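Reviewing the structure listed below.
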Amino acid sequence: MIELRHDVAGDLVTVHVPETTEDLAEFWKWLYRARERGPVAIDTETTGLDVFSPVFRLRTVQFGDASDAWVILYERGGYHASYARDALIRLRGILIHNASFDWLVLGQSAGISLEDLAPWTTDTRILAALCDPRQPQEGGTGTALKPLSAKWVDPAAPDTQGGLTKVFNSLGFTKETGWAGIPLTNPTFLLYAGLDVVLTARLAPMLRRELARLDVRPELVTYEHEIARLCAVMQRTGLLVDQDYAAPLARRLAEEAEKHGAIAARYGVTSVGSPAQVAEALAAMGEPLTDRTNAGALKVDKHVLLPLADLDRDWQRIGARTPNPLAYAVLRAKRAAKWGGTYAERFMTKLSAAGRLHATISPLAARTGRMSVTDGLHQLPSSDHVIRRAILAEPGHVMVSTDFQAVEMRVLAALAKVRRMTEGFVNGGDEFDIHAYTAKLIKGGKATPRDRKVFKGAGFGKVYGGGIQTIARQTGATEAEIAQAVAAYDRAFPEIKRASSRWQRQAYQNGMVFISATGRRLPLDRDRSYAVVNYACQSAARDVLGQAMLNIEAAGLLEYCRLPIHDELLASVPKREAADIAREIERCMTMDLYGVPIVAHAEIGGRSWGSLYGADY
DNA sequence: TATGCAACA
DNA sequence: TATAATGTTGCATAG
């Protein structure tokens, strides 16, 4: 038995590493006593984060409580692996920091499914996010184990990740290669592996107490664990990538980026990714640049370059001037590099052995509770089908995308009790257009499509908390026109302003934290308290999506789900049953929110995701 | 690491 | 009283 000791909050804790079967028997004895006393914290160390890659391996499984940690050398196989597995399936109270990862690891590498583990799991990261959802950059503690431990357990809690990076470097590994390369019995590796479970075990009761002190509803905690499980199931399923399409696409886009990069070089721009170079060269060509970034540099983003290239927002010729060839080359080179590098190329490099992409779905990522997804799957270009064309439904399946209809406007109507908006949603039926309704409400029968556009801008302005200037910029209308429209909007829906003031006042009285309809804590920035309207809407929309996901599981349709995208659920469904399943998904996403109907519309595509964006396959 | 940019809801 | 655009992931560059 290897035994290591370390001070945690003034207590000497022991990290035990069984080597012989006698040692493993000791572990077993400890485990039986520990699980009588309460939940047991677990964690895994692996060769990397790419759980579904062919080279991924599980190295250790750790178990622990507040005073002892046991690092089981799973990689040794034999008794080590079977003791770890037997222990895992016997636990009826499990603490994990960021459970999704370990659920998937143990499912993939130890044959213990997340369905076995999830019912017994408390995720300390979820508890932390419900106490304070802000990232460190936003003034919060964040949800990483190290800063949380420093705050709640021991200010001197070791930085196990950072500490290991140093050890990796000293052994000739990098931060990336170290996890796979470090010898299994390296003492620092084992110590830190063990300390992580001790810290998790100590963190849990502190966060529980804090949640109780803050009066966070226990139902919300349960709900978030359910959502985390559903997201993990979708992550485990992954998405099929059309490799025969994506690989040549990545090459073609790389060539295109190179070609336009070479043209830019003729004008002295050796790196199109350097805004300073682009600005200097454009100025030398006599183009007057005026927009500035927050830091004061000249802006050369898409909004600046498109007009210089005589292109509108959809990259169509305007015919107002001679296109600047450098602006055009920079636009083309950057778009091709972005689409090729961030999407097509990345799809290929992140593939599992089965040719699938398992993007990490973080169920509680944003401070509003919104989810986030890695590998760009929330950000694929929607103006063109070329990238989404690379993502496929299963063989014999078609893609079905089901969107909530104007969910943030509906949520706003429901939360702020906006009478006339609610009436519109209630009486409007399935194809109801809130922005056309608003235009007609204000302008009467002579409302034009342009009026609709202006009031749509005003509506988004309300949901986002935007001002006249921004709405004008976004819609392309004049500030005077927008000022008038916003004033009319406020007269038509006076409840919104009143709700905003009320919510801000409530937040002030609660230490600058607004409590959402579901009991979620939404901290406000003191100088941007107006953002409360957006936070309330965004977070309620997230909870509506979460409820829809629970409904979908209850209806037995979870296996078809692939990806949540804020107000949309992407699914792969058998072609023959597509119409029926699509209708069922719509039904699961349809609900009532304080008297406002939340409705969804399913679109049935072809084999690829791109087929829902105009691709013919 | 900070900044700028580009992609989305 | 008037006023404030929200939330992400990921890449390249520059120091």
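When reading the values below, keep in mind they use all heavy atoms of this one structure, side chains included, and skip hydrogens, waters and symmetry mates. The shown structure was predicted, so the numbers you read here are calculated from the model rather than taken from an experiment. Quick note on labels: first sequence line is chain A, next is B, and so on, each numbered from 1.
- Between A:Arg313 and B:dA6 there is no side-chain polar atom (N or O) within less than 4.0 angstrom of OP1 or OP2.
- Where A:Gln277 and A:Gln469 each meet DNA chain C at their nearest nucleotide, the meeting point lying more 5' is that of A:Gln469.
- For the OP1/OP2 pair of B:dC8 and a distance below 4.0 Å, the side-chain nitrogens and oxygens of A:Ser382 include at least one atom meeting the criterion.
- When the side-chain nitrogen and oxygen atoms of A:Lys334 are compared with OP1 and OP2 of C:dC11, none of them lie within a distance under 4.0 Å.
- For A:Ser372, a side-chain nitrogen or oxygen approaches OP1 or OP2 of C:dT9 to under 4.0 Å.
- The shortest distance between side-chain heavy atoms of A:Met549 and A:Cys231 falls below 4.5 Å.
- The shortest distance between the side-chain N/O atoms of A:Arg335 and the OP1/OP2 oxygens of B:dA6 is not below 4.0 Å.
- Put simply, the side chain of A:Arg370 and the base of B:dA9 share a donor and an acceptor less than 3.5 Å apart.
- Here A:Leu380 lies in heavy-atom contact (under 4.0 Å) with sugar-phosphate atoms only.
- Here A:Thr342 does not reach the OP1 or OP2 of B:dA6: none of its side-chain N or O atoms lies under 4.0 Å away.
- Regarding contacts with the backbone of B:dA6, every side-chain N or O of A:Tyr343 stays at 4.0 angstrom or more from both OP1 and OP2.
- B:dA9 sits 22 Å from C:dA5 when the P atoms are compared, rounded to a whole Å.
- Considering only heavy atoms from C-beta on, A:Glu603 stays 4.5 Å or farther from A:Val400 through its side chain.
- Relative to the side chain of A:Ser271, the nucleotides C:dA5, C:dT6, C:dT13 differ in distance, and C:dT13 lies closest.
- Judged by distance alone with a 3.5 Å cut-off, a donor-acceptor contact links the side chain of A:Gln379 to the base of C:dT8.
- Note on A:Asp527: nothing from the nucleic acid sits closer than 4.0 angstrom, heavy atoms only.
- Remark: A:Arg528 is not in phosphate contact with C:dT3, judged by side-chain N or O atoms under 4.0 Å from OP1 or OP2.
- Checked by atom type, the side-chain pair A:Thr165/A:Gln161 shows no donor-acceptor distance below 3.5 Å.
- One donor-acceptor pair, N or O on each side, does fall under 3.5 Å between the base of C:dT6 and the side chain of A:Gln538.
- Comparing C:dG7, C:dA5, B:dC8 against the side chain of A:Pro381 picks out B:dC8 as the nearest.
- Listed nucleotides: C:dA5, B:dA7, C:dT8. Nearest to the side chain of A:Lys302: B:dA7.
- Of the candidates C:dG10, C:dA5, C:dT13, the closest approach to any side-chain atom of A:Tyr464 belongs to C:dA5.
- The aromatic rings of A:Tyr489 and A:Phe455 lie parallel to each other, their planes meeting at an angle below 30°, with 60° marking the opposite boundary.
- A heavy-atom distance below 4.5 Å is not found between the side chains of A:Arg410 and A:Leu593.
- Side-chain atoms of A:Glu138 lie closest to C:dT8 of the nucleotides C:dT8, B:dA9, C:dA5.
- Under 4.0 angstrom from either OP1 or OP2 of C:dG7 there lies at least one side-chain N or O belonging to A:Tyr535.
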